[in-house]
Protein chains: 2
Amino acid sequence: MINARKPHRSGRPRAGEGRLSREAILRAALRIVDDEGVDAMTMRRLASTLGVNPMSIYHHLPNKAAVFGGLAELVFADLESAPPREDVPWQEELKAAARAYRDALRAHPNLALQILSDTSAVSEVVVTTVEPFYRALDRGGLASRQIFEAVNTIVDFIHGFMLGETAVRADTFELAPDLLDRVDNLPAGKAPTLSRVVRDLGREGLHYDFDTGFESALTVLVHGIQKTWT
Amino acid sequence: MINARKPHRSGRPRAGEGRLSREAILRAALRIVDDEGVDAMTMRRLASTLGVNPMSIYHHLPNKAAVFGGLAELVFADLESAPPREDVPWQEELKAAARAYRDALRAHPNLALQILSDTSAVSEVVVTTVEPFYRALDRGGLASRQIFEAVNTIVDFIHGFMLGETAVRADTFELAPDLLDRVDNLPAGKAPTLSRVVRDLGREGLHYDFDTGFESALTVLVHGIQKTWT
DNA sequence: ACCTGAACACCGTTCAAGT
DNA sequence: ACCTGAACACCGTTCAAGT
């Protein structure tokens, strides 16, 4: 219970004292989520951080879901300012859009899962956030329907990727101890190809690097879009 | 509180009466999740369905997270029996693996999000479940490292796709009313390409079909893998 | 209009006690 | 060994009352 202030006594806030506002509440909520994770972000905890009665929050946001919805906005707000770049091939522009999108989610790892699983938050925010993808693919000469499908594919990939990335703390993690063990403990012949691949990679020191994995996937996706639709 | 049985009186279960077991608990839990969603699946509710004291469950599973972990196993268990098929090109085998993986998750839409966001559940289960992907790509002639990256890309895509698909009830939903409205309400010039594409699609009746979107993405991914690594 | 206090209907889990 | 009952330390939210 760090940062807790005494609740006001009843009635209007004293003059000069910062009053509660949607923005102040969301800022405090984001801090809690970033520092301690989504489970720590309870309405009671949030109120205590703000030095306020739990119920006061409900005058600015209708419920807890709305708090997380507001946080989704906050996270994607950083993303809207990416400037058009016509000095690189459209393929590079597309990759840049994907990297920016990933970075926005990565800036608040504890929040990513919450955002990705909140339908209304995602759809609300994705709309205003995908323009760079659309622009790049438009420059690539794709038809509207193709642009639409391609963007969905890339965005879905990024979401799935972030699910994995934000679930793990480090940028790089050793699959070897974990994965090799598990594969070795499988009944013989259960997953022969998987076993062989994992052992092959084990030799070169099986570590997984998220940046490399992301770039590798972007290459595949861009190649695929090109081959399918240009 | 449908299906609730009277709790036993204290002591051992009467002879002949089905005793509590990990399996019976998980089956009941899956039923609750499928019927009423993850939020309804509380330990107390689960116990009441089983006609048992809430604490009895803890003798078979250490906590609530373990219950959901067990459910993840259950869902993926259906997947392990897919037979090798060498009568189709490796590209088709790869797509078939992806479709089977999606179907397994789709069979329990309410559980999908829970599974996807549970790191330990996913990693535990994915290992035994990805062999068909590995086999297909091996037949495609990719090197171990490339197989590894390609599988990660596809699986991440499927996860992201399922995030979207399971968040929405219907197989098909009309983007038009929602999306068109939202795009029209954007400040002029904010997202010109997105606006144009959405209006283009609006003309042909902008509905989104998950099956079509999934197949379209598979084509892109397979093409991309081919172009990048073969 | 904005904030508070008490209360309601829940949670997951620990712990000691029953048989 | 397996199950129970009571209790602990929480939740989100409603509602009536304060200023």
Side-chain angles (χ1 to χ4, degrees), chain A residues 1-2 4-26 28-29 32-33 36-71 114 117-118 120-121, chain B residues 1-2 4-26 28-29 32-33 36-71 114 117-118 120-121:
Chain A
M1 227 47 109
I2 306 304
R5 293 191 320 195
K6 281 231 187 72
H8 290 142
R9 63 188 181 290
S10 203
R12 310 185 87 111
R14 278 151 293 188
E17 198 162 49
R19 318 167 58 198
L20 216 46
S21 69
R22 195 186 122 99
E23 210 213 314
I25 293 171
L26 291 178
I32 295 174
V33 171
E36 304 171 53
V38 280
D39 287 344
M41 217 306 289
T42 68
M43 296 301 266
R44 293 171 121 105
R45 172 79 169 72
L46 178 55
S48 135
T49 314
L50 290 161
V52 124
N53 184 286
M55 293 312 108
S56 305
I57 296 168
Y58 288 83
H59 289 273
H60 300 90
L61 290 144
N63 52 39
K64 195 183 178 182
V67 175
F68 279 115
L71 292 183
Q114 190 64 224
S117 53
D118 181 338
S120 56
Chain B
M1 225 49 105
I2 305 304
R5 293 190 322 197
K6 279 232 186 73
H8 290 140
R9 61 186 183 290
S10 204
R12 311 183 85 111
R14 280 150 292 187
E17 197 162 50
R19 316 169 58 201
L20 217 46
S21 70
R22 195 187 120 99
E23 210 213 314
I25 293 171
L26 292 179
I32 295 174
V33 172
E36 305 173 50
V38 280
D39 288 343
M41 216 307 288
T42 69
M43 296 301 266
R44 294 171 120 105
R45 172 80 167 73
L46 178 55
S48 135
T49 313
L50 289 161
V52 125
N53 184 286
M55 294 311 106
S56 305
I57 296 168
Y58 288 83
H59 289 273
H60 303 270
L61 289 144
N63 52 41
K64 193 183 179 183
V67 175
F68 280 114
L71 292 183
Q114 190 63 224
S117 54
D118 181 337
S120 56

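Just the heavy atoms: all of them, side chains too, but no hydrogens, waters or symmetry mates, feed the values below.
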Would you call B:Leu20 and B:His60 a side-chain contact if the rule is heavy atoms closer than 4.5 Å? yes
Rounded to the Å, how far apart are [X] [atom1] and [N] [atom2]?
X: A:Lys64; N: D:dT14; atom1: NZ; atom2: C1'; answer: 18 Å
X: A:Leu46; N: C:dC3; atom1: CG; atom2: C1'; answer: 15 Å
X: A:Asn63; N: D:dC11; atom1: CG; atom2: C1'; answer: 14 Å
X: A:Asp39; N: C:dT13; atom1: CG; atom2: C1'; answer: 15 Å
X: A:Tyr58; N: D:dC11; atom1: OH; atom2: P; answer: 12 Å
X: A:Met43; N: C:dG5; atom1: CE; atom2: P; answer: 17 Å
X: B:Ile57; N: D:dC2; atom1: CD1; atom2: P; answer: 15 Å

Over all heavy atoms of both residues, which pair between [X] and [Y] is shortest? Give the atoms and the distance, please.
X: B:Leu26; Y: B:Val67; result: CD2-O, 3.5 Å
X: B:Asn63; Y: B:Met43; result: C-CE, 4.1 Å
X: A:Val38; Y: A:Phe68; result: CG1-CE2, 3.8 Å
X: A:Leu50; Y: A:Ala28; result: CD2-CB, 3.7 Å

Name the pairs: protein N/O against N/O of nucleotides 6-10 of chain C, kept only if under 3.5 Å.
none

Of C:dC3, D:dT4, C:dG12, the nucleotide closest to the side chain of A:Ser56 is C:dC3
Distance-only donor-acceptor test, B:His59 side-chain atoms vs D:dC2 base atoms, 3.5 Å: no
Taking atom CD1 of B:Ile57 and atom NZ of B:Lys64, what is their separation to the nearest 0.5 Å? 11.0 Å
Test A:Gln114 against A:Met41 for side-chain contact (heavy atoms from CB on, under 4.5 Å), laying out the working first. CA-CA 12 Å; A:Gln114 190 64 224; A:Met41 217 306 289; over 6 Å; no
So, the side chain of B:Ser48 versus the backbone of B:Arg44: is there a donor-acceptor pair under 3.5 Å, distance only? no
Under 4.0 angstrom between B:His60 side-chain N/O and D:dC3 OP1 or OP2: yes
How does DNA chain D look in dot-bracket form if you count Watson-Crick and G-U pairs under 3.5 Å, write [ ] for pairs that cross, and put | where a base pairs with another strand? ||.|||||...|||||.||
Span that lies between the C1' atom of C:dC2 and that of D:dA16, in whole angstrom: 15 Å
Applying side chain to side chain donor-acceptor pair (under 3.5 Å), can you list everything that pairs with A:Arg22, at least two apart in sequence or on another chain? A:Glu73
